[in-house]
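Input: a single structure, listed below in structure tokens.
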Amino acid sequence: MPLPTETTPNGYVKRWWKEAVVYQVYPRSFYDSNGDGIGDLRGIIEKLDHIKGLGVDVIWLSPHFDSPNADNGYDIREYRKVGAEFGTMQDFDDLLTAIKAAGMRLIIDLVVNHTSDEHEWFVESRSSYNNPKRDYYIWSEHKPNDWPSIFGGPAWTQSPGGDWYLHLFDPKQPDLNWDNPEVRVEVYDIMRFWLDKGVDGFRMDVIPFISKDKTFPNLPEDLRAKPQYLYTTGPHVHDYLHEMNTEVLQQYDVMTVGEAFGVTLQDTPKFVDERRQELDMVFQFAAVEVDRGPDGRWKPWTLPQLKAVFTRQDKALDHHGWPTMFLSNHDNPRIVSRYGDDRPEWREKSAMLLATLILTMKGTPFIYQGDELGLTNRTFTHIDQFNDLWTKNAWQDEVENGPCSEADFFANQNKVSRDHARMPMPWTAQGGFTTGQAWFALNPNFTEINAESSQTIYRFYADLIALRHAEPALVYGDYSDLAPAHPHLFTYTRTLGDTTFLICLNFSVEITAFESGVESEPVLSNYASPFGPMRGWEARIYKV
Ligand code: TEU
Ligand code: CA
């Protein structure tokens, strides 16, 4: 595809995916159309008006492939097959047609750092030393080093044959050997299969992990709690991404966003500088790690720390790279409980304020399903209430075989658990997700907090998206934080040519004195009569 060349006054090449707003669907928990308790593809078709009504441009669908679901679909057994619980390939084609008919695009999850151990490649690979697929995975006669799995425990598991295989995640997620050119050809074929159906790109799961240092050095002591910062620095990661780009991606008009879990800000341009032809964008994790300590457990955070993250991220890329903006996904707690205030009197206002932040920052915004309804975390009190293998492993490591008390464990997990985001969508005051038994319990607060009761938040998201679409300065404008040290006001500008927007967000319940210096009224606010001091969780957007 020839690249577009039209540029903005501040030097960005205009691309459709820079102007897009993305909505992430976690299909298992979106809507169940057939009463088996599991969200499915026809369920997304039935609820497409909900997504379309927001005005978003792109849907990112979390894995919909055939999988034994050790990690809820991030362990793929067959890449060209729809998971039976989600429906059929016909359902997928119908979903894609419906999304296009609604004027939107679809990106899917590309999970190719690892497969399921039930993938036929792995079944063959482990069957004998001289199987042709042996070299599709990473085998060693001895356990070569001390690398830990991201999910806890060692990253090497001994197979019944005696050899050890590498899995940077669960033992049921063996890592592919990208140094084998046959593996890369297989991956590119899978990508073409979906692109030829009309899919508009990929979110790429832990893609910077694909290249391994085959000298297998031990993990440096300072990376013990964050091995991801080693796993993203394999010797050929950029060769492989460039090859993927030239072999496949360049032949289509698509967008790519890589999950840059463990990529430093300094290394980020190597993945997204457009002149390098690798990825369009990556997800940077500093904002969602603002409340994590060096040991990965929850710690309190402050607004100046969060603001500093955005400024650092902005400075890390020049106009040859394009950022993303997100505060949540299926791996993170609910934003209102985390960055806002989920008490009943503040939930709505703080949800609207966070929407304002997400949709007025530089970078393609990603909204996670349910955040447009201001959904909250729940309080888990028993290990059986969790589904996520990451939490279950932590229970074993920290409580059953470690020094952590149960009270400490729940205090931490109630802050960090990935399951907060994975509870089924509450469509009505009766739940409304399924007519059967949900695969995972809804948040018990669904009687109060659901799609019907949260329309004010939903409509505010729609208003913000419409404003972003109408105002190039909110997409391409330069970013500047006006008061980095203020403890609860976040005030910043977005400037493009002679248009400037001033965004003022009060991250607290305190009434705070504030002079906008702007004569006109805000173009959008989560309060009526937005004048004078900023009230609790008030958000205002001024056009200067
Ligand atoms: O996530 C990568 C990842 O390492 C995170 O799950 C991380 O462990 C978590 O955010 C801790 O805060 C991707 C997928 O998004 C995730 O769902 C999968 O479990 C994982 O890869 C393995 O495929
Ligand atoms: Ca179903």
Side-chain angles (χ1 to χ4, degrees), residues 24 26-46 60 62-65 67 69-76 82-88 91 109-116 148-152 155 167-176 203-210 225-229 231-232 257-263 282-283 285-293 295-298 326 328-333 338 366 368 387-391 393-394 412-413 415-422 424 433-439:
Q24 182 189 353
Y26 193 68
R28 186 168 305 276
S29 295
F30 195 64
Y31 183 61
D32 173 25
S33 71
N34 65 351
D36 69 354
I38 304 175
D40 46 53
L41 300 183
R42 298 223 84 84
I44 305 172
I45 298 176
E46 282 185 39
W60 153 24
S62 270
H64 63 281
F65 312 95
S67 164
N69 291 315
D71 188 20
N72 281 350
Y74 284 91
D75 49 321
I76 297 175
V82 173
E85 71 274 36
F86 295 133
T88 63
D91 295 329
D109 226 301
L110 185 72
V111 188
V112 289
N113 172 69
H114 44 266
T115 68
S116 163
S149 149
I150 299 291
F151 289 155
H167 53 86
L168 298 181
F169 291 88
D170 192 71
K172 282 190 68 65
Q173 294 168 300
D175 281 50
L176 283 166
R203 175 269 186 184
M204 300 191 189
D205 193 61
V206 290
I207 199 74
F209 284 28
I210 55 178
K226 37 181 179 175
Q228 61 271 25
Y229 284 93
Y231 298 159
T232 54
V257 53
E259 190 194 23
F261 183 60
V263 174
V282 295
F283 293 126
F285 282 78
V288 301
E289 283 168 359
V290 73
D291 66 357
R292 303 296 159 90
D295 54 1
R297 292 167 65 87
W298 184 82
F326 73 103
S328 60
N329 56 29
H330 63 291
D331 293 332
N332 279 282
R338 190 178 195 186
F366 287 73
Y368 179 66
N387 168 262
D388 184 11
L389 86 175
W390 183 53
T391 297
N393 290 347
N412 183 54
Q413 287 292 333
K415 293 287 193 186
V416 306
S417 169
R418 309 197 300 179
D419 280 334
H420 291 299
R422 299 177 178 188
F433 165 70
T434 178
T435 54
Q437 175 76 29
W439 72 276

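Whatever order the structure lists ligands and atoms in, that order sets their numbers, starting from 1.
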What protein heavy atom is closest to atom 15 (O) of ligand 1, reported as residue, atom name and distance in Å? Asp331 OD2, 2.5 Å
Is it true that Asp170 and Tyr74 share a donor-acceptor pair across their side chains at a distance under 3.5 Å? no
With Gln173, which of Asp71, Asn113, Asp75 fulfils side chain to side chain donor-acceptor pair (under 3.5 Å)? Asp71
For the side chain of Asp291 and the backbone of Trp298, is there at least one donor-acceptor N/O pair under 3.5 Å apart? no
Heteroatom of Asp32 nearest to the Ca ion (ligand 2) (N, O or S, atom name): OD1
When you measure from atom 14 (C) of ligand 1 to every protein heavy atom, which one gives the shortest distance, and what is it? Asp205 OD1, 3.0 Å
Name the closest protein heavy atom to atom 1 (O) of ligand 1, giving the residue it belongs to and the distance to 0.1 Å. Glu259 OE2, 3.0 Å
Mark the output for Phe285 as yes if a heavy-atom distance to ligand 1 is under 4.0 Å, and as no if none is. no
No-hydrogen, no-angle side-chain donor-acceptor test under 3.5 Å, Asn69 and Glu85: yes
What do we get for Glu289 next to ligand 1 when only non-hydrogen atoms under 4.0 Å count, side chain, backbone, both or neither? neither
Validation row: Ile150, Phe209 side chains within 4.5 angstrom (heavy atoms): yes
Return the closest protein heavy atom for atom 8 (O) of ligand 1 as residue, atom name and distance. Ile150 CG2, 3.6 Å
Of all N, O or S atoms in Asp40, the one closest to the Ca ion (ligand 2) is OD2
What is the name of the N/O/S atom in Asp36 that sits closest to the Ca ion (ligand 2)? OD1
Kindly determine whether His64 and Phe86 satisfy ring-ring contact (aromatic ring centres under 6.0 Å, His included), including the steps that lead there. CA-CA 7 Å; His64 63 281; Phe86 295 133; 7.6 Å; no
Would you mind listing which atoms of ligand 1 come within a distance below 4.0 Å of any non-hydrogen atom of His114? 22 (C), 23 (O)
Protein residue, atom and distance nearest to atom 4 (O) of ligand 1, heavy-atom basis: Phe261 CE2, 2.9 Å
Can a donor-acceptor pair be found, under 3.5 Å and without considering hydrogens, that links the side chain of Trp390 to the backbone of Arg418? no
Does Ile38 put an N, O or S atom under 3.0 Å from the Ca ion (ligand 2)? yes
Show the nearest heavy-atom pair for residues Gln24 and Ser62, with the distance to one decimal. NE2-OG, 3.1 Å
Testing the 3.5 Å rule here: is there a donor-acceptor pair between the side chains of Tyr26 and Asn72? yes
Atom 19 (O) of ligand 1: nearest protein contact (heavy atom, Å): Asp71 OD2, 2.4 Å
Less than 4.0 Å is my threshold; does some heavy atom of Arg422 fall inside it relative to ligand 1? yes
Short side-chain to backbone donor-acceptor contact, Tyr231 and Gly262, under 3.5 Å: no
Quick check on the Ca ion (ligand 2): does Glu85 put an N/O/S atom closer than 3.0 Å to it? no
Donor-acceptor pair, side chain of Asp91 and main chain of Arg42, under 3.5 angstrom: no
For atom 9 (C) of ligand 1, which of the options Arg203, Arg418, Gln228, His330 provides the nearest non-hydrogen atom? Arg418
Can an N, O or S atom be found in Thr434 less than 3.0 Å away from the Ca ion (ligand 2)? no
Would you mind running through ligand 1 and noting each atom that sits below 4.0 Å from a heavy atom of Phe151? 19 (O)
Can you list the ligand 1 atoms lying under 4.0 Å from a non-hydrogen atom of Val206? 2 (C), 21 (O)
Give the intermediate values and the outcome of salt bridge (charged side-chain N to carboxylate O under 4.0 Å, His left out) for residues Arg422 and Asp331. CA-CA 8 Å; Arg422 299 177 178 188; Asp331 293 332; 2.9 Å; yes
